[in-house]
2 protein chains.
Amino acid sequence: MTEDERSAVREEVIESLARSAEVYGLSRSAGRVYGVLYFSSEPLSIPELVEETGYAKSTISNVTRKLTRIGMVRRRSSGGGGRRVRFEPETDFWFIVGDVLRQYAHREMQTTRRTLDRALDRLDDVDGEAARDDADRIRALDAQYDQLETLLELAVDHSTEELIEAIDQYEAD
Amino acid sequence: MTEDERSAVREEVIESLARSAEVYGLSRSAGRVYGVLYFSSEPLSIPELVEETGYAKSTISNVTRKLTRIGMVRRRSSGGGGRRVRFEPETDFWFIVGDVLRQYAHREMQTTRRTLDRALDRLDDVDGEAARDDADRIRALDAQYDQLETLLELAVDHSTEELIEAIDQYEAD
DNA sequence: CGACTTGTTCGGCTCGTTCCGAACGATCGG
DNA sequence: CCGATCGTTCGGAACGAGCCGAACAAGTCG
């Protein structure tokens, strides 16, 4: 009876991770797969994940690839036995967040800023008050992106503990 | 000719905002509506946004509601003239981010932690090494969420400038 | 070499989202 | 009170995302 209770509790937590995944723009399946890996005492292969989660093999293949891309699981392309690749979870959440920020937000900001800079160049050739207004607004956008970018770079280079301490010390003045 | 060029440049920037919106989980229309509001010298009503964007009136209605919910535009339920509500953009991006984090991430973390705490309570009644392992992992999850939550609370209470300065000072040791 | 296991890719189904047009309220000036 | 204007809501079409099963490729062990 206690064994049932234990797996019920684990199911609850895994389901909770699935819901969290949806909030942050991932699929339910991604959350569940991560949850199963998180509770597993050893890395799991795709057939094992199929067994544990009930998803189709193709789904597991796609989901594991996505999770690997964003740094939530690692591929141990391994090794000896019959199984070829095995997955283990990245358990440092802030590290995951940092990875995602670096890959997506940072890239997006860079391309947007390139667009803004090109736009400003083109506006130099245009006369009139309205054009100057537009240029001012675009410069303001650029400044915002610039600040977010530098903050982002600083933040992802530190642990949560360091960041909390930094802000605490800053507040202490 | 310069007038064409000016609107072409603005179109470019607005389109860029539309693409950015997609990256961050919003619709293209939301990005474009925000862009039009951003370049407008005065708050715009729904018919005006229809005119400027080409979207259907219903689309504008839904999009403005969504943008208002997440704090990207403000409703100036308005005064005097024939028009009733008018929208103006929130131009402080970090403020927008903070708003979203407070509304979504923070709420999500709280509900998840409630689930984790309930799970730990239930596991107290279960014996065995495996149950103890599960409890350890859940406690580790809980600790991660706790740290992210406190960091989040600290971060959204400061401006980007303050945060950058705080980290810079911290690094200066 | 041939049977088996593992992982990827492909086509199809389903469901949610986005956007539209039309119908429906609600508010204001005359 | 009536017409006009503004905003919301409803039903539907087009599109994309998630998931599945089946076919396919690649490597392993007998």
Side-chain angles (χ1 to χ4, degrees), chain A residues 14-15 17-37 42-70 72-88 104, chain B residues 14-15 17-37 42-70 72-88 104:
Chain A
I14 289 176
E15 181 58 26
L17 288 175
R19 266 181 285 123
S20 301
E22 280 188 302
V23 172
Y24 297 114
L26 291 174
S27 58
R28 293 184 47 76
S29 52
R32 292 198 70 91
V33 165
Y34 180 83
V36 168
L37 288 176
E42 50 185 16
L44 297 180
S45 66
I46 287 188
E48 288 166 336
L49 283 171
V50 170
E51 168 68 23
E52 295 285 330
T53 63
Y55 286 113
K57 196 171 47 157
S58 55
T59 303
I60 300 295
S61 176
N62 290 323
V63 164
T64 50
R65 183 171 47 204
K66 185 170 216 165
L67 288 175
T68 304
R69 291 189 76 90
I70 65 180
M72 285 188 68
V73 306
R74 279 188 298 273
R75 267 181 107 94
R76 301 189 47 159
S77 40
S78 112
R83 284 108 165 192
R84 254 169 297 176
V85 307
R86 298 188 302 175
F87 298 93
E88 62 184 6
Y104 293 80
Chain B
I14 290 176
E15 181 57 27
L17 289 176
R19 268 182 284 124
S20 300
E22 280 188 302
V23 171
Y24 297 115
L26 291 172
S27 57
R28 292 184 47 78
S29 53
R32 292 197 71 92
V33 166
Y34 179 84
V36 167
L37 288 175
E42 50 184 15
L44 297 181
S45 67
I46 286 188
E48 288 165 336
L49 284 171
V50 170
E51 168 69 23
E52 294 286 331
T53 64
Y55 286 113
K57 197 172 46 157
S58 55
T59 302
I60 300 295
S61 176
N62 290 322
V63 164
T64 50
R65 181 171 49 203
K66 184 168 217 167
L67 288 176
T68 305
R69 290 189 76 89
I70 65 180
M72 285 188 67
V73 307
R74 280 188 297 271
R75 265 182 108 95
R76 302 192 49 157
S77 36
S78 91
R83 283 105 166 198
R84 254 169 296 176
V85 306
R86 297 187 304 173
F87 298 93
E88 62 185 5
Y104 294 81

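To find a chain, count down the sequence lines: A is the first, B the second, and so on, and within it residues start at 1. Note that the structure is a prediction, hence the values are computed from the model and not measured.
OP1 and OP2 of C:dG7 both lie 4.0 Å or more from every side-chain N or O belonging to A:Ser61. Between A:Ser29 and D:dG18 there is no side-chain polar atom (N or O) within less than 4.0 angstrom of OP1 or OP2. In this structure, A:Thr59 reaches the D:dC20 phosphate: one of its side-chain N or O atoms is under 4.0 Å from OP1 or OP2.
Between the CG atom of B:Asn62 and the C1' atom of D:dG7 there is a distance of 11 Å, rounded to whole Å. B:Leu49 has its CG atom 13 Å from the P atom of D:dC6, to the nearest Å. Across the protein-nucleic acid pair, B:Ile60 atom CD1 and D:dT8 atom C1' stand 14 Å apart, rounded to whole Å. Distance B:Leu44 CG to D:dC6 C1': 15 Å, rounded to the nearest Å. The nearest whole Å value for the distance from the CZ atom in A:Arg84 to the P atom in D:dA25 is 14 Å. We find that NZ of B:Lys66 is positioned 12 Å from C1' of C:dC19, with the value rounded to whole Å. Note: CZ (B:Arg65) to C1' (D:dC6) measures 15 Å, nearest angstrom. A:Phe87 has its CZ atom 11 Å from the C1' atom of C:dT8, to the nearest Å.
For a distance-only test at 3.5 Å, the side chain of A:Lys57 fails to qualify as a donor-acceptor partner of the base of D:dG21.
Here D:dT9 is the nucleotide among C:dT9, D:dT9, D:dT8 with the atom lying nearest to any side-chain atom of B:Ser58. Set against D:dT8, C:dC19, D:dG21, the side chain of B:Tyr55 has C:dC19 as its closest nucleotide.
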Give the intermediate values and the outcome of side chain to side chain contact (heavy atoms under 4.5 Å, CB included) for residues A:Leu49 and A:Phe87. CA-CA 9 Å; A:Leu49 283 171; A:Phe87 298 93; 4.3 Å; yes
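Salt bridge A:Glu15/A:Arg32: present, at least one basic N to carboxylate O contact under 4.0 Å.
Applying the 6.0 Å contact sphere to CD of A:Glu22 captures more than 12 heavy atoms from other residues, nucleotides or ligands.
In plain terms, the two heavy atoms of A:Ile70 and A:Tyr104 that are nearest each other are CG2-OH, 3.8 Å. Contact detail for A:Tyr34 and A:Val73: the closest heavy-atom pair is CD1-CG1, 4.1 Å.
Mapping A:Gly25 and B:Ile46 onto DNA chain D by nearest heavy atom places B:Ile46 at the nucleotide closer to the 5' end.
Residue contacts shown for A:Ser27 are limited to sugar-phosphate atoms, with no base heavy atom under 4.0 Å away.
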